[in-house]
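One structure is given here, and the rest of the page talks about it.
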Number of protein chains: 2
Amino acid sequence: MLRVTAIGPSDEARVRRADRETSARAGDHRALRLWLRLLTCTQLLERHMRNLLRLRFGTTLPRFDLMSRLERYPEGLKMKELSHHLMVTGGNVTGIVDQLVRERLVERLPEPGDRRALRVRLTRAGDEAFGKMARAHEEWIVSVLSGLSRKEHAELFRLLAKVKSHALGITERKDGA
Amino acid sequence: MLRVTAIGPSDEARVRRADRETSARAGDHRALRLWLRLLTCTQLLERHMRNLLRLRFGTTLPRFDLMSRLERYPEGLKMKELSHHLMVTGGNVTGIVDQLVRERLVERLPEPGDRRALRVRLTRAGDEAFGKMARAHEEWIVSVLSGLSRKEHAELFRLLAKVKSHALGITERKDGA
DNA sequence: CTAGAATGCTTTAGGCTTAATCTATTCAAG
DNA sequence: CTTGAATAGATTAAGCCTAAAGCATTCTAG
């Protein structure tokens, strides 16, 4: 029941694949197809990264992201700041930091002027562990995106910026209609 | 500690936002920045959709996705096929179908020639419920992606296709190095 | 026919994520 | 100073998702 219509890679590839966006119907709106493709792409790459992080380093993407953020702030970040940077809820950050603290990769320090707040920082061990992972991670990303020319990279970057800023404009209105 | 260097929207927007990709350092590889932007964009849109589905219809994106897939196959799909289409594990599909069955939106039917397999199909109620949601969903998508011209849509679509096919080539190799 | 492999699905354990709620602390108005 | 609102973080309940293991059925060599 797969479409055999037009564009795309080899026949084998078309048959082998039947993911979320491949079989969008002809009548579907352009925007819908674009969204499905965006979603598929991201999931594909994200899954690839998750697998590699798990197999090579026994860690997960959220843990890696959090450490990656801390690595840019040697003085540490408050929980609130972390949750803002990572675009996740505070409760989520609490859980991930808990694990990393257990593994001695990050530490919670009191925030001098505010007894409510905590400052989270990479430990020395965390910094070292992150360094190794970051180098590998960047190689993986470069490799998985190497199908595009430098020019295409730039164009994709530009278009995504536009999507992002327009979406921000919409989602920041309190209701979404 | 935010970069105040170059491109981007207004100053307020730059300050207000501090998400995952905004503060990538100058030395980071192009590919890394592109990946972070792709991730941010997708998450932004995905979160928007999740919120709308929850607020307007009391449902979730995975449930919507599954029903959306079934809607294209009136004769139903086997669990295996569903998990392939949705790019998730079989166990995951089992759980989501369980819920939808409880809500009488889909039904499991025996597969005639194979007593191991099950065929999952929208019920009449499920089909009606999905119709309403799908119309709203498409409007939301069109709106959130309306910042791009028709030409830009096409270009983004093309570039993502390239990313996707290259990534598929890589992730299909058994190891990722 | 009959092992043994493969397949379709479910179950389990564990991690991620959210919204909502709670506690402690800080801030601001009177 | 005191009261009440706001803020920082943690906790809880529920859903999503995965990898791995398990069960039943089907297929395939011999």
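Just so we're on the same page: letters track the sequence lines, and every chain starts at 1. What you are looking at is a predicted structure, and each value in this text was computed from that prediction instead of being measured.
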(request) Over all heavy atoms of both residues, which pair between A:K78 and A:A117 is shortest? Give the atoms and the distance, please. (result) CD-CB, 3.8 Å
(request) Test the A:R30-B:F157 pair against the cation-pi criterion, namely NZ or CZ under 6.0 angstrom from the six-membered ring centroid and within 45° of the ring axis. (result) no
(message) With heavy atoms of chain A within less than 4.0 Å as the criterion, where does contact along DNA chain D begin and end?
(response) D:dT7 to D:dA19
(message) Determine whether a donor-acceptor pair (N or O, by modelled atom type, separation under 3.5 Å) exists between the side chain of B:H153 and the backbone of B:L145.
(response) yes
(message) Between A:E139 and A:R135, does any side-chain N to carboxylate O distance fall below 4.0 Å?
(response) no
(request) Would you check if the side chain of A:R69 reaches a backbone N or O of A:L77 as a donor-acceptor pair within less than 3.5 Å? (result) no
(request) Would you check if the side chain of A:S83 reaches a backbone N or O of A:V93 as a donor-acceptor pair within less than 3.5 Å? (result) no
(request) Answer yes or no: is there a donor N or O on one side and an acceptor on the other, between the side chain of B:H137 and the main chain of A:L32, under 3.5 Å? (result) no
(request) Just call it for A:S83: base, sugar-phosphate, or nothing, with non-hydrogen atoms closer than 4.0 Å on any strand. (result) nothing
(request) Would you mind reading off the distance between A:L61 atom CG and C:dC16 atom P, rounded to a whole angstrom? (result) 10 Å
(request) Go along nucleotides 17-25 of chain C 5' to 3' and tag each nucleotide: B for a protein heavy atom under 4.0 Å from its base, S when only backbone or sugar atoms are that close, - otherwise. (result) SBS----BB
(message) Just checking A:R158: does its CZ atom have more than 12 heavy atoms from other residues, nucleotides or ligands closer to it than 6.0 angstrom?
(response) yes
(message) Please report the distance, rounded to the nearest Å, between CZ in B:R108 and P in C:dC9.
(response) 10 Å
(message) In this structure, how many angstroms lie between the P atom of C:dT10 and the NZ atom of B:K78, rounded?
(response) 13 Å
(request) Tell me what A:R119 touches on the nucleic acid: a base, only sugar-phosphate, or nothing, going by heavy atoms under 4.0 Å. (result) nothing
